[in-house]
2 protein chains.
Amino acid sequence: MASNAVMEETLQVLKDHKLRVTPQRHIILAYLVSHHNHPTVETIRDGLGKELPNIGSSTIYNTLNTFVDHHLVVELQNGDGSTHYDYFGSPHYHAICTNCGRIVDVTYPGFDETERNLEKKTAELSGYMISGNHMEVYGLCPECQIKLGIKSND
Amino acid sequence: MASNAVMEETLQVLKDHKLRVTPQRHIILAYLVSHHNHPTVETIRDGLGKELPNIGSSTIYNTLNTFVDHHLVVELQNGDGSTHYDYFGSPHYHAICTNCGRIVDVTYPGFDETERNLEKKTAELSGYMISGNHMEVYGLCPECQIKLGIKSND
DNA sequence: TAGTAAGTGAGAACCATTCCAATGTAACAA
DNA sequence: TTGTTACATTGGAATGGTTCTCACTTACTA
């Protein structure tokens with residue numbers, strides 16, 4: 001039922017964006033909506049093993065690019081050479097571990113204002129007509145701090 | 001003379017970072033310090049035609065990766081499939097045109113505070129030990145606004 | 001100045017992503 | 001419901017940015 005809710009939600013999202021509703025798009029978007037693991041194309045393909053065992057990589061790439069074009073999804077690079085994707089629900093940014101590549105979502109009250117302010121300043125200073133932004137913070141995740149002996153595990 | 005100043009400055013930068021001073025590193029860094037065109041590896045190779053006609057791509061990649069590791073240079077993606085590089089002088093971020101890929105540097109009084117605040121919040125919320133950040137704003141550059149008939153050229 | 005750890009360069013290898021052409025199908029209208 | 005058509009999917013080939021390999025060279029240190 002949670003599953004059903006997700007499916008209905010994503011179905012509606014696709015329709016709202018006037019995207020043709022194919023099983024592939026439906027299932028891929030549902031996967032992104034219900035997972036917050038910032039998957040790569042490969043991860044998605046694995047995760048869809050049961051539902052779409054024969055899906056082609058091209059389809060996943062095409063679908064994700066379409067979603068990105070429609071601002072349903074954002075692209076992320078964590079430095080491992082492949083692109084990660086994240087469903088764009090509510091405003092947030094990412095903290096990326098420079099050691100293991102782990103990506104976590106971060107937000108805080110007032111973050112949207114910071115974001116708006118950055119865009120406003122940029123418009124004034126550069127003359128660009130702003131359509132979006134991307135903020136990332138790098139560092140060592142708690143586990144890697146322990147692993148590297150920087151922080152004790154207590 | 002401007003050229004000499006740049007060369008001396010970069011020489012010092014390399015020494016400060018305890019990097020072995022090879023002609024290749026020296027010249028590549030000088031190129032980055034004196035150009036603000038956010039070059040790709042290909043652009044750099046072309047720009048070094050006179051000074052280092054026989055430099056290998058591997059060397060440029062190696063050198064840039066070393067600079068990135070030492071936080072002398074930052075990596076940028078503007079969506080054209082290749083990586084762009086930018087000498088990290090004073091704190092700034094980038095506005096990237098979604099139509100033509102043009103990248104411009106932006107900063108404003110108080111930007112460093114915004115940056116510090118973002119890092120502080122992130123540390124509190126995620127437990128990451130922060131080492132850096134990356135902020136980008138997307139939109140249409142003034143020229144593309146005109147080209148696409150969104151803004152009149154007056 | 002000699003020894004050596006590190007850097008360079010040419011080309012091969014890698015692999016994420018895109019392209020292509022044939023096939024399949026969702027959406028819309030009659 | 002059916003037919004039409006434009007769009008989506010597929011798998012394999014092609015692309016191209018980046019890394020790897022290894023023989024050769026060189027900047028640093030004692």
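Chain letters run A, B, ... following the sequence lines, proteins first, then strands; residues in each count from 1. Excluded from the calculations below are hydrogen atoms, water molecules and symmetry mates; all remaining heavy atoms, backbone and side chain alike, are included.
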Side-chain contact test, heavy atoms from C-beta onward, threshold under 4.5 Å: evaluate it for [X] versus [Y] and give yes or no.
X       : Y       : answer
B:Glu9  : B:Val33 : yes
B:Tyr85 : B:Glu75 : yes
B:Met7  : B:His26 : yes

Rounding to an integer number of Å, can you tell me how far [X] [atom1] sits from [N] [atom2]?
X       : N      : atom1 : atom2 : value
B:Glu75 : D:dT19 : CD    : C1'   : 13 Å
B:His70 : C:dG7  : NE2   : C1'   : 14 Å
A:Asn65 : D:dC7  : CG    : P     : 18 Å
A:Leu19 : C:dT25 : CG    : P     : 20 Å
B:Leu14 : C:dA6  : CG    : C1'   : 15 Å
A:Ile27 : D:dA8  : CD1   : P     : 17 Å
B:Arg45 : C:dG11 : CZ    : P     : 11 Å
B:Leu64 : D:dG17 : CG    : P     : 15 Å

- request: For nucleotides 9-14 of chain D, just jot down a letter per nucleotide in 5' to 3' order: B, S or -, based on protein non-hydrogen atoms under 4.0 Å.
  value: SBBB--
message: Students often mix this up, so state it plainly: with edges at 30° and 60°, are the rings of A:Tyr93 and A:Phe111 parallel, tilted or perpendicular?
response: tilted
task: Give me the ring orientation class for A:His134 and A:His94: parallel if the planes are under 30° apart, tilted from 30 to 60°, perpendicular past 60°.
output: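 Aromatic pair A:His134/A:His94 classed tilted.
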- prompt: Relative to the 5' end of DNA chain D, which residue comes earlier, B:Val21 or B:Tyr85, by the nucleotide with the nearest heavy atom?
  reply: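 Looking at DNA chain D, the more 5' nearest nucleotide goes with B:Tyr85.
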Side-chain donor-acceptor pair present, B:Thr40, B:Thr43, cut-off under 3.5 Å: yes
message: From C-beta outward on A:Arg20, which listed nucleotide comes closest to its side chain: C:dT18, D:dA27, C:dA27?
response: C:dA27
Under-4.0 Å side-chain N/O to phosphate OP1/OP2 contact, B:Tyr61 with D:dT18: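 Affirmative; the distance criterion is met.
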message: C:dA16, OP1 or OP2 - any side-chain N/O from A:Thr83 closer than 4.0 Å?
response: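 For C:dA16, neither OP1 nor OP2 has a side-chain N or O of A:Thr83 closer than 4.0 Å.
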task: Report the residue from A:His35, A:His36, A:His92 that forms a side-chain hydrogen bond (donor to acceptor under 3.5 Å, both in side chains) with A:Asp86.
output: A:His92
query: Which is true for A:Asp80 with a 4.0 Å heavy-atom rule: it touches a base, it touches only sugar-phosphate, or it touches nothing?
result: nothing
